[in-house]
Amino acid sequence: MEQPAPRLVRVLVPLPLAGPYTYAEPDDLELAPGDYVTVPLGPRHVRGVVWPDAAGGTADAEIDLKKVKPVLERLDAPRLSVEVMNFVDWVSAYTLFPQGAVLRMVMRSGSQLDPPRPQTGYLAAPRVPEGVKMTPQREKVLATVRGLNFPETPAEIARRAGVSDGVVRALADAGALEKIETDPDAPFEAPNLGRRGKTLSPEQADAADKIRRHIEAREYACTLIDGVTGSGKTEVYLEAAAAALKQDPGAQVLVMLPEIALTLPFLKRLEERFGAAPAPWHSDLGQAGRRRTWRRVADGSARLVVGARSALFLPFRNLKLIIVDEEHDPAYKQQDGVLYQARDMAILRAAHGGFPIVLASATPSLETAVNAQGGRYETVQLPSRFGGASMPDIGLIDMRENPPEKQEWLSSVLIRAVNDTLARGEQAMLFLNRRGYAPLTICRKCGERMTAPDSDTWLVEHRFSNRLVCHHTGYSIPRPDTCPHCGAHDSLAACGPGVERIAEEAARLWPEKQIAIFSSDTVMNPAAGQELLARMKDGGIDILVATQVAAKGHHFPNLTLVGVVDADLGLVGGDLRAGERTWQLLSQVIGRAGREEKPGRALLQSYQPEHPVIAGLASGDRDAFMEAERDGREMLGFPPFGRLAALVLSGENEQHVNSAARMLAAQVPHGQGIEVWGPAPAPLYRLRGSYRVRFLIKAARDVSIQNFLRAWLTDVKIHSSVRRTVDIDPYSFM
Ligand code: ADP
């Protein structure tokens, strides 16, 4: 008798393969789309998800039944929702990355699908027992554990505190830490929705009402909260979050922030508002924390989630509102792996899911501003700071008229302003968005520039660590004493400033004052960051020399002067968003000054004060600046008036890369409304030993750039050693 044909299912595995594969469903497993399963793939067993059929069924007709292998097991985890699976498909279709590569962002390592293993973690004991000797390292551990809302392992605590495991264990042995057997997937406390937020000002209340209406209507709408720094945008969107959570007992809300703004104070602020800590998702979460958030988002019990861009790919069950704070931030663009713009994908998610989304910014991106002007987004405006705090006064320093001394970077005007600020007992910040001591090291004897051996990049001197570092790849070497090219001794000279060098200059000028550097190099772990912020707030620092890590989210009540050392820095280079980004970054930095009753002041040092960005910042005329940017982009047909994609070919064999580029160039399909520029050597022609060639594709708004690329790329076979990377809506042109 003939065997009945097995039921077939399609399973997508989190690997960059073509798409779902077909498997047989064993009799004892009744599988449904969204189930996590283990399947054989070649010699391996891999985990994947039973995928819905595009047509609604789950089987594939033209399949050789003899070759079909069975699904091995179903894993114990809440089913992935249809919305998330659809989202994976859309993101894949939009970015042109395989579905499996996108699913990988949902499934992560897959270890969250393992059975839970009880763990031992530590929290702070109610008090430190008498007689326990405290050291600075032990203080760091205590500060770290006091900030925990979930017991962590000694290794994780040590990492966050920036000390060795031994310090943590010794404190635990002394009874200063409390050992706790944890359920690794302990549920998050539910937000307390009876709790009221701050009483909103009339403008804030009006803004919150507008958003609440869309929540009540259960409809997609994109609302932009356009408000100056300190106007209370956060208070407004937290009201919206509360409304969405109240509406439906299972509703989930996602608040997205750029990684850098996701600080402990922000998480605490949400905890205070809702009487319960939100489920966090960011790079500083240990394995245990990540697993817990993932599982609780998947089963729907984590209702308020706060995370960086990748939180968008958490397996939500019932997402009902997304908030994208600092929507203009370039960090929303993921630059490796699957290349996607998280703000744009969040809008896609909300539109398809039929729920509202809120974007917040003091300096909206041009894309968002144009959509708002065109009526596709609703705009609510908060033009003034809450509580009457004034916006800082902005002054320009023309460096051509006020040149600093040789090998110095602070003009006499800025120095006087710092003097006045310090004399009033207030704090100053010197801002320069460049890490390290000097961006270029050159040999005075032979003129050799110190570059990375495998990349076309300059090595940046870091005096702190006494190394030369490539900021693109992380490659580094100890700073040599002799020129590696000509062998001359003591001939290497530092050119240009980084924050470390500005701090050195400040220390010469103000030897009595407390000066600290705030950059990702000097603040290597969360504990060090907290310590620095606390010192700044308590007045333990007079002058903070900072990169962009200080630009966002921080609130320093006594900081009244911001000096921008080189306002022109971001304007060089051919990036289409260079002007916009400089505007956004400097506005953020300026916004750190005078956030309370004492008025703030910002001074911008510039060699081109007539440049539209610099002049616009000084006059505070954002509308005029945006209009000029808008006109420029419209004229060139650049986003949001047209579409862009980059195609990068890279490989270690230069000839193969160049011949692949020629082949592709010869076979560009004809497309109405499409232009292909290139191939051209990338500005970073050599990176990590690979040669890189770029194409830039520009399409009219109503043309599918994806269809064009698909048609072009599937037809041309290039050498297998050449990697082809498509970047839809590129933000980097290097
Ligand atoms: P933004 O997000 O626009 O930068 P915030 O929401 O952080 O602004 O508000 C700036 C400061 O003003 C915060 O300390 C906040 O608590 C306070 N604030 C804003 N709105 C109110 C309000 N309605 N009542 C009391 N304090 C408020």
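Order of appearance sets the numbers: ligands from 1, and atoms from 1 within every ligand. Model, not experiment: these values are computed from the prediction.
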(message) Given E203, R273, R269, K198, identify the one with the heavy atom nearest to atom 7 (O) of ligand 1.
(response) R269

(message) Between ligand 1 and F386, is the shortest N or O to N or O distance under 3.5 Å?
(response) no

(message) Between ligand 1 and G230, can you find any atom pair, the residue atom being a heavy atom, that is separated by under 4.0 Å?
(response) yes

(request) State whether a side-chain donor-acceptor pair under 3.5 Å links Q588 with E326. (result) yes

(request) Please state which part of L382 comes within less than 4.0 Å of ligand 1, counting heavy atoms only: side chain, backbone, both or neither. (result) neither

(message) Can you name the atoms of ligand 1, numbered from 1 with element, that are less than 4.0 Å from a heavy atom of T199?
(response) 22 (C), 23 (N), 24 (N)

(message) Just by distance, no angles: are the side chains of Q335 and S732 close enough, under 3.5 Å, to form a donor-acceptor pair?
(response) no

(message) Between R622 and D226, does any NZ, NE, NH1 or NH2 come within less than 4.0 Å of an OD or OE carboxylate oxygen?
(response) yes

(request) Could you check atom 8 (O) of ligand 1 against the protein and tell me its nearest heavy-atom contact, residue, atom and distance included? (result) G232 N, 2.9 Å

(message) We want to know whether S365 and E580 form a side-chain donor-acceptor pair, criterion being a heavy-atom distance below 3.5 angstrom.
(response) no

(message) Please list, in number order, the atoms of ligand 1 under 4.0 Å from a heavy atom of V228.
(response) 3 (O)

(message) I need the T368 OG1 to Y377 OH distance, nearest 0.5 Å.
(response) 5.0 Å

(message) Test of understanding: with salt bridge (Lys or Arg N to Asp or Glu O under 4.0 Å), list the residues that count as partners of E426, not counting sequence neighbours.
(response) R424

(request) Fit a plane to each ring of F313 and Y340, take the angle between them on a 0 to 90° scale, and name the class: parallel (under 30°), tilted (30 to 60°) or perpendicular (over 60°). (result) perpendicular

(message) For atom 2 (O) of ligand 1, tell me which residue out of D325, T234, L200 has the closest non-hydrogen atom.
(response) T234

(message) To check your reading of the model: name the closest protein heavy atom to atom 20 (N) of ligand 1, its residue, and the distance in Å.
(response) Q204 NE2, 3.0 Å

(request) Output yes when the distance from some N or O of ligand 1 to some N or O of T229 is under 3.5 Å, and no in every other case. (result) no

